[in-house]
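Positions are given from 1, in the same order as the sequence printed here.
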Amino acid sequence: QVQLGESGGGLVQAGGSLKLSCSASGRTFSTYAMGWFRQAPGKEREFVATTIWNTGATGYADSVKGRFTIYGDGTKNTLYLQMNSLRPEDTAVYYCAGAQSGGLLTLESTYNYWGQGTQVTVSS
């Protein structure tokens, strides 16, 4: 089993930046890909970004492409999301997740384990 814990969320003004971290413990050697999702009040959880762990290949939602960067540090078992040019519509709880095998990495159902979430609030 794998346990994930997010950190780095907070309150930031529009146009600012935040860097989220997701630390993994347990059987992390089984991880094929990791991703970030987010959920705003009254909305469904949506895909943000994903990376295939061993290759570094990435994918992004259109809404964040060019502003967010996903990457990982295998020696630290840590996933990051660098968020720049933040907008009020980025306000949400952000979750990291891990997938043990391939599939459609934009879908929640592909992922096997999840963090507890960290709040990101962007003021106008």
Side-chain angles (χ1 to χ4, degrees):
Q1 295 298 112
V2 177
Q3 295 79 45
L4 303 177
E6 300 101 330
S7 63
L11 175 64
V12 65
Q13 192 172 0
S17 299
L18 283 174
K19 184 179 179 180
L20 305 184
S21 300
C22 175
S23 297
S25 61
R27 299 181 65 187
T28 57
F29 58 84
S30 66
T31 301
Y32 169 75
M34 296 191 72
W36 289 94
F37 290 74
R38 66 187 183 186
Q39 186 169 25
K43 296 184 178 180
E44 296 183 357
R45 187 149 52 185
E46 66 175 352
F47 168 76
V48 175
T50 187
T51 182
I52 298 175
W53 197 250
N54 288 335
T55 69
T58 59
Y60 298 91
D62 287 343
S63 60
V64 307
K65 190 173 296 183
R67 300 188 297 122
F68 292 10
T69 302
I70 184 173
Y71 62 101
D73 184 338
T75 64
K76 297 181 179 180
N77 290 322
T78 301
L79 178 73
Y80 302 95
L81 184 68
Q82 177 66 52
M83 305 185 294
N84 299 324
S85 302
L86 283 163
R87 306 165 180 168
E89 53 262 43
D90 295 318
T91 295
V93 177
Y94 283 70
Y95 299 88
C96 66
Q100 293 176 298
S101 60
L104 291 176
L105 295 174
T106 59
L107 301 180
E108 292 183 54
S109 60
T110 300
Y111 296 83
N112 306 104
Y113 38 89
W114 294 79
Q116 80 288 346
T118 185
Q119 177 71 50
V120 172
T121 303
V122 184
S123 62
S124 60

So which heavy atom on [X] is nearest to which on [Y], and how close?
X: G98; Y: L4; answer: N-CD1, 3.9 Å
X: L79; Y: C96; answer: CD2-CB, 4.2 Å
X: K76; Y: T78; answer: O-OG1, 2.9 Å
X: T50; Y: A33; answer: OG1-CB, 4.4 Å
X: L105; Y: Y111; answer: O-OH, 2.6 Å

Please examine the side chains of [Y] and [X], heavy atoms only from C-beta on, and report whether any two atoms are closer than 4.5 Å.
X: V93; Y: Y95; answer: yes
X: V120; Y: M83; answer: yes
X: L86; Y: F68; answer: yes

Is the closest side-chain donor-acceptor distance between T31 and Y113 under 3.5 Å?
->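 Note: T31 and Y113 side chains meet the donor-acceptor criterion.
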Donor-acceptor contacts under 3.5 Å from residues 14-22 side chains, at least two apart:
residue : atom : partner : partner atom : Å
S17     : OG   : N84     : OD1          : 2.9
K19     : NZ   : Y71     : OH           : 2.9

**Asked** Around atom CD of E89, are there more than 12 heavy atoms of other residues, nucleotides or ligands at under 6.0 Å?
**Response**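 Enclosed: over 12 neighbouring heavy atoms sit under 6.0 Å from CD of E89.
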Could you work out, with side-chain contact (heavy atoms from CB on, under 4.5 Å) as the rule, every residue matching N54, not counting sequence neighbours?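 So N54 forms no side-chain contact (heavy atoms from CB on, under 4.5 Å) with any residue.
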Does [X] use its side chain to pair, donor to acceptor, with the backbone of [Y] at less than 3.5 Å?
X: E6; Y: Q116; result: yes
X: R27; Y: Q1; result: no
X: T51; Y: A57; result: yes

- Message: Working to the nearest 0.5 angstrom, can you tell me the gap between S85 OG and R67 CZ?
- Response: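 Those atoms lie 7.0 Å apart.
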So, taking the atom named CG in L104 and the one named OG in S109, what distance separates them when rounded to the nearest 0.5 Å?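 Rounded to the nearest 0.5 Å, the CG-OG separation comes out at 8.0 Å.
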Quiz prompt | side-chain contact (heavy atoms from CB on, under 4.5 Å) partner of I70, chosen from L81, V48, V64 | solution =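 For I70, the side-chain contact (heavy atoms from CB on, under 4.5 Å) check succeeds only for L81.
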_Please determine whether side chain to side chain contact (heavy atoms under 4.5 Å, CB included) holds for the pair Y32 and N112, giving the CA-CA distance in whole Å, both sets of side-chain angles, and the decisive distance to 0.1 Å._
CA-CA 11 Å; Y32 169 75; N112 306 104; over 6 Å; no
Table please: side-chain donor-acceptor pairs of residues 34-42 below 3.5 Å, with sequence neighbours left out.
residue : atom : partner : partner atom : Å
W36     : NE1  : Y80     : O            : 3.4
R38     : NE   : E46     : OE2          : 2.7
R38     : NH1  : D90     : OD1          : 2.9
R38     : NH1  : Y94     : OH           : 2.9
R38     : NH2  : E46     : OE2          : 3.3
Q39     : NE2  : K43     : O            : 3.1

Query raised in the report: Side-chain heavy atoms under 4.5 angstrom apart, residues restricted to Ile, Leu, Val, Met, Phe, Trp, Tyr: same cluster for Y60 and I52?
Result: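 No; tracing contacts between hydrophobic side chains, which count when under 4.5 Å, never links both residues.
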